[in-house]
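The structure appears below as structure tokens.
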Amino acid sequence: MSDTRRAERHETSHLPHRRHRSLDPRSHRVRVPGPAAERIRHPPTSAPGPTPTVSPVPKPAQMRRTSWSADPFARGSYSFAAVDSTPEQRTALAQPVLDRVFFAGEATSTDAPGTVQGGRDSGLRAAREIIAVAKPGERIAVIGAGIAGLSAARILKDAGFDVVLVEARDRIGGRIDTVSDKKWPFPVELGPSFVSHSGTTSLDEEFTRLGIATAPFPTASETRTDAGIVVAVPDTGEKAVATALAWATNQASDMSVHGALDGSGASTLSTTDAANGVSDADWLAFRVATVLDIDAGASIDQQSGWYTSADAGANDERIVLGGYAGLLTKAAEGIDLLDSSVVTKLAYRDTGVSLRLGTGESLSADRVIVTVPLGVLKSGVLEFDPALPFAHRGAIADIGMGTLDKVWLQFDEPFWSTTAPLWTTVGGDEDFRVWINMMPLTGEPVLVGLVAGDTALRLAGVDDSTVLAAALRGLTPFYVPPTPSPTPTPAG
């Protein structure tokens, strides 16, 4: 599956990497009449929910979490195919304006959108476009020091251009965010963790060259019911989604995946539990929550029925264990970096460009590459003067921006017995339905929980203790009670 599948599908390089929606897994077990897809809609926000149960899972020694939707310099994790958006709009967004303003970033990639690979390829593309039209020695500003901006800046610097990299954060990397903390046994990836085999460049080779440890992510997974019963995953949900998407391609206009499930009749599944406590409708909800949501970072109410892939989550991937940010260090060497500098306005003419910074200062250049995330472009905090061409504005408005968040938990010792690296749950009502078990990969009792779409947006607004409680409840099906010590036999 794909930190990305593509950003960190992103995880995207998403799963594990990627993506989400308006579905609230808390409603998955509600027995209501009508098609199965209705069971994964959000319950009314005004209706009080049941008092959450306390999980027997022990509290972790350490915790880290993300809230990418609340990050003002990201406003989401990676792009996805939203209803009424088209692949051609990514190409339109990538088009230079007056040969002065160039665009890069995963949202401009047609081969690997939503991935680190797609972001890197887009930066290389934009750099080549500038080299084709610019004169040697020109001053080039690059907005954004993520993988796209750093890749472009490196090529342009080596080609002899005067490059300045303008970054809003106080660090490089953008949505690649590796945290090295002595309290953790290995680097914590708050952004993408995976490398998917997509795009035109091979990050595997780059990680090897830089001496950054990666490993194949094992295909073994384990799925449990909320009662902790291990169950085999049938193709019920996968077939229903494939049927709906095939039906959608023959319709006169695009519609959501949710609409395609209803319109095709693929969501009309039995809600009667099998002997293991799981119904056919539960398996459709499972496919949505653990694959489609993760892949897009948005609800199926938002995903395009025309352009959502029935093969979502199927990419072969490697997991990065030695620190994703190591990919960026070499690229940044010798680059003039202006960090903690937010660009609020970009004025462009056929003679050059001018950047207005949040500090009130200005920066002039001959050309500029804009690599800020799609979510930031959507927010309008970066003003363009004059306004961008209609095709660019339409692409920014229509392409979706999804959210995938993680919670990293380090335990003193494992409370589980399974050796599967990927855990999922079916039929339950918890927020965290997908887990990565790092123990088979590192030997350390560390678990990474994923939430996406509407669930991620909701949890972004609560405190750490609430997120932790939700995470521990999601882990309950994998909890193995400790074996009590035998009672000593009294001496006779």
Side-chain angles (χ1 to χ4, degrees), residues 6-7 9-10 12 18-20 69 73-130 142-144 146-149 152 174-175 198-199 253-257 295-298 301-309 343 345-348 353 367-403:
R6 308 175 173 113
R9 346 138 143 184
H10 271 95
T12 182
R18 337 192 279 170
R19 308 106 162 277
H20 334 31
S69 62
F73 308 131
R75 298 180 185 259
S77 301
Y78 40 76
S79 62
F80 71 94
V83 179
D84 291 330
S85 69
T86 68
E88 291 75 19
Q89 288 182 306
R90 297 183 184 275
T91 301
L93 182 58
Q95 294 304 303
V97 180
L98 297 181
D99 278 341
R100 294 292 170 180
V101 182
F102 297 75
F103 291 87
E106 56 83 12
T108 69
S109 171
T110 56
D111 295 327
T115 68
V116 174
Q117 289 82 349
R120 186 186 193 217
D121 289 349
S122 73
L124 300 178
R125 176 212 19 100
R128 291 192 296 267
E129 290 172 345
I130 284 185
V142 180
I143 306 176
I147 188 67
R175 284 166 283 175
S198 57
S253 59
D254 194 10
M255 68 182 66
S256 70
V257 173
D295 200 61
D301 288 331
Q302 298 171 289
Q303 294 179 51
S304 166
W306 276 0
Y307 297 112
T308 294
S309 172
V343 179
K345 184 174 182 179
L346 193 165
Y348 62 97
V353 299
R367 304 174 203 275
V368 63
I369 301 180
V370 179
T371 75
V372 299
L374 175 65
V376 176
L377 292 176
K378 283 178 172 292
S379 73
V381 296
L382 173 55
E383 177 188 356
F384 291 88
D385 178 22
L388 291 174
F390 181 77
H392 289 75
R393 285 179 281 148
I396 292 169
D398 290 348
I399 300 171
M401 188 66 173
T403 298

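FYI, side chains are in, hydrogens and waters are out, and symmetry mates aren't considered; it's all heavy atoms of this structure.
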If you define the side chain from C-beta out and look only at heavy atoms, does anything of [X] sit under 4.5 Å from [Y]?
| X | Y | answer |
| --- | --- | --- |
| Asp121 | Asp111 | no |
| Arg75 | Pro373 | no |
| Ser256 | Val83 | yes |

Verify, without hydrogens or angle tests, whether [X] (side chain) and [Y] (backbone) share a donor-acceptor contact under 3.5 angstrom.
| X | Y | value |
| --- | --- | --- |
| Thr108 | Gly105 | yes |
| Asp254 | Trp306 | yes |
| Asp398 | Ser85 | no |
| Lys378 | Ile399 | yes |
| Ser109 | Glu106 | no |
| Thr371 | Ile143 | yes |
| Ser122 | Ala104 | no |
| Arg393 | Leu388 | yes |
| Tyr348 | Pro386 | yes |
| Gln89 | Thr86 | yes |

Can you give me the closest heavy-atom contact between [X] and [Y], atom names plus distance?
| X | Y | result |
| --- | --- | --- |
| Ser69 | Thr403 | CB-OG1, 3.7 Å |
| Val97 | Pro389 | CG2-CD, 3.9 Å |
| Arg367 | Asp99 | NH1-O, 2.5 Å |
| Ala107 | Ser79 | CA-OG, 3.7 Å |
| Val370 | Leu382 | CG1-CD2, 4.3 Å |
| Ser77 | Arg175 | O-NH1, 3.0 Å |

Got a second to check how far Asp84's CG is from Gln302's CD, nearest 0.5 Å?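 The distance works out to 12.5 Å.
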CZ of Arg100 to CD1 of Ile130: how many Å apart, nearest 0.5 Å?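 Going from CZ on Arg100 over to CD1 on Ile130, the span is 10.0 Å.
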Taking salt bridge (Lys or Arg N to Asp or Glu O under 4.0 Å) as the definition, give me every residue that meets it alongside Arg90, ordered by chain and number, with sequence neighbours left out.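 Not a single residue meets the salt bridge (Lys or Arg N to Asp or Glu O under 4.0 Å) criterion with Arg90.
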Listing request: all ring pair (Phe, Tyr, Trp, His ring centres under 6.0 Å) pairs with a residue in residues 97-122, at least two apart in sequence or in separate chains.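 Listed by first then second residue: Phe103-His392.
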